Amino acid sequence: MSETPTNFIRQIVEADLAAGKNDGRVHTRFPPEPNGYIHIGHAKAICINYGIAEDTGGKYNLRFDDTNPAGEDVEYVDAIQQDIRWLGFDWEDRLYYASDYFERLCQSAEELILSGNAFVCDLTPEQMKEYRGTIIEPGRQSPWRDRSVEKNLDLFRRMKAGAFDDGSRTLRAKIDMASPNLNMRDPVIYRIKREHHHRTGDTWCIYPMYDFTHCLSDAFEGITHSLCSLEFEDHRPLYNWFLDNLDVPCHPQQIEFARLNLSYTIMSKRRLRRLVEEGHVNGWSDPRMPTLRGLRRRGFTPESIREFMNRIGVAKAASVVDYSLLVYCLREDLNRRASRVMAVLRPLKLIIDNYPEDQVEWLDADNNPEDESAGKRKLAFGRELWIEQGDYLEDAPRKWFRLTPGREVRLKHAYYVTCTRAVKDADGNVVEVHCDYDPSTRGGWSDDGRKVKGTLHWASVAHAIDAEVRLYDYLFREASPGERTGDFIDDLNPDSLEALRGCKLEPGLAEAQPGDRVQFLRLGYFCADEDSRPDAPVFNRTATLRDTWAKVAKDK
RNA sequence: UGGGCUGUAGUAUAAUGGUAGUACAGCGGGUUCUGGUUCCGUAUGUGGGGGUUCGACUCCUCCCAGCCCAACCA
């Protein structure tokens, strides 16, 4: 992986370090809410927060921001940890939950009441909305804003004790109802909500709000730099207000960056949920999903994702990154690491007429031309082979390198063969191709300097195993899903998944374990799926190889 | 309409008053037992107008465009 380039946040952190701020400490955190699976957008936040700490000798925490039990679940708590570990980060023993701070947060709330900076408000949600004002008009003060400290304290304690109905009262900060920043218009600190919490059970009937919880949690943990996405910029004054008005161990600095957008991809939890619930994909780990689980199952490596994050940089301008860069990072990684194997996805029988009927030869094949240490393997070769349907064409264009009557090509690792004729069925479909081979080209090489432009992959009919191969393409056919009609569902790519059965694989692939990644020669990078079994292998196409021929053919 | 933020090749970013650079994508070519990899070459950019300065992507000013904010969500 390349070294992480600098960016404006790193420069701030480095300047703080140079100035001796925070006693020379760097301590960051990633604060997911456990109400869904994390996706590649979260991966950016993780890489930024954790990467900076790693590179400056600092520490990083994982903290679940579990202040709203509705929708939260231990299932997500576990899944998120798995996914972050898979990405390659280790928060050691620094796993925290905002819910662990509930008691402490309550004390901070009382501190705010005591200093006259918070009050219990009896406004209903509808009234509160009315009082809040709008973007262009100031809000009005709550009629309950001037209750005495004693009354507020009493009311708040009774809120906590369960004396009031859900939603009937809130604890609010006393700031400024006329502020142009809506977040500062006496924001709610605590709400009454009788909801079972995945960690605290039914202990609490009041839960703290994000703005109050987050800054304090950061302070409790000694966070130095609290890095979050742009939409929290407007919250920063409030973040600072709480820390300035409370007795806290430290005052972390919040810095915001632009979140990741990827072309041909949606990133919002709400929209991803809809894909799952409406059955457009097969769950959160569908290989077409941008979730970390989806990308993992698709065959992406954590290294390629981290490299991608290094390359896209960090800035404050809202941006959309080309999906092709992600694929580039994947290919760069797998080109180096993946073993080459041969698989025929759409088989067409090739018969070598001048090859001895029952002869089998075992030929040498190198596993990875990019990596000598990957070694070699033996491949069975015979008279009848499977080749790719797309590698034969009767009326070939001028630059066609593959099989067509009269043309000589190389069978990878094997022999030169010259196409003699094709057999068609009643409908005119090619069902069988015949050829002659040149025995002197064993191994796929000729001493006479003869040139063949095309090299085909193949599988021995007598030895190949059958497999299912799932070809994945963009989930959306538009770079910005939903831009045309307003509904991203309209831009779903109907061909995002094509499942091929009866694909012919070289026999060694029967032993592939789920998660194993290989390159199917000339076709792309593939990954054994979790559905794969030794007697019924299943492979997912992670990405195709770059294909300049496909581009030429398409341009014509 | 109020506030906050952001505008550098197609895309993402660097240059922090001193030669506008890098990567992906594109295009052209060499090498190659993968039309892969690799190598070489190439086009394209500071949102606009004023100003300060010997010199402006950078500082000032006006304009334009885009994003975010009116949950008892995070």
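These values consider heavy atoms only, across backbone and side chains, with no hydrogens, waters or symmetry-generated copies. By convention in this document, chain letters (A, B, ...) are assigned in the order of the sequence lines, proteins followed by strands, and residues within each chain are numbered from 1. Quick caveat, the model's predicted, so the values are computed rather than measured.
Here the nucleotide nearest the side chain of Pro369(A), chosen from U16(B), G36(B), G2(B), is G36(B). Taking every side-chain heavy atom of Asn7(A) into account, A14(B) is the closest of C24(B), A14(B), G35(B).
Test Phe220(A), Phe102(A), Phe64(A) against Tyr97(A) for ring pair (Phe, Tyr, Trp, His ring centres under 6.0 Å) and you get one pass: Phe64(A).
Between the side-chain ring of Trp549(A) and the base of G35(B), a stacking contact exists by the 5.5 Å and 30° definition.
In this pair, Phe232(A) and His235(A) present their aromatic rings perpendicular. The plane angle is above 60°, beyond the 30 to 60° band.
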Under-3.5 Å N/O pairs linking protein and nucleotides 26-31 of chain B:
from	atom 1	to	atom 2	distance (Å)
G26(B)	OP1	Lys551(A)	NZ	3.0

Review item, nucleotides 43-48 of chain B N/O atoms under 3.5 Å of protein N/O:
none

Protein and nucleotides 18-23 of chain B: nitrogen or oxygen contacts under 3.5 angstrom:
from	atom 1	to	atom 2	distance (Å)
A23(B)	O2'	Arg311(A)	NH1	2.7

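The salt bridge (charged side-chain N to carboxylate O under 4.0 Å, His left out) test applied to Asp547(A) returns no partner, not counting sequence neighbours.
Arg191(A) has a side-chain polar atom (N or O) that falls below the 4.0 Å cut-off from OP1 or OP2 of A74(B). The side chain of Thr213(A) places no N or O atom within less than 4.0 Å of a non-bridging phosphate oxygen (OP1 or OP2) of A74(B).
Within residues 170-183 of chain A, the residues having any heavy atom under 4.0 Å from RNA chain B are, by residue number, Thr170(A), Pro180(A), Leu182(A).
The strand RNA chain B forms stems, runs of 3 or more Watson-Crick or G-U wobble pairs with distances below 3.5 Å, at B:2-7 with B:64-69, B:10-13 with B:21-24, B:26-30 with B:38-42, B:47-51 with B:59-63.
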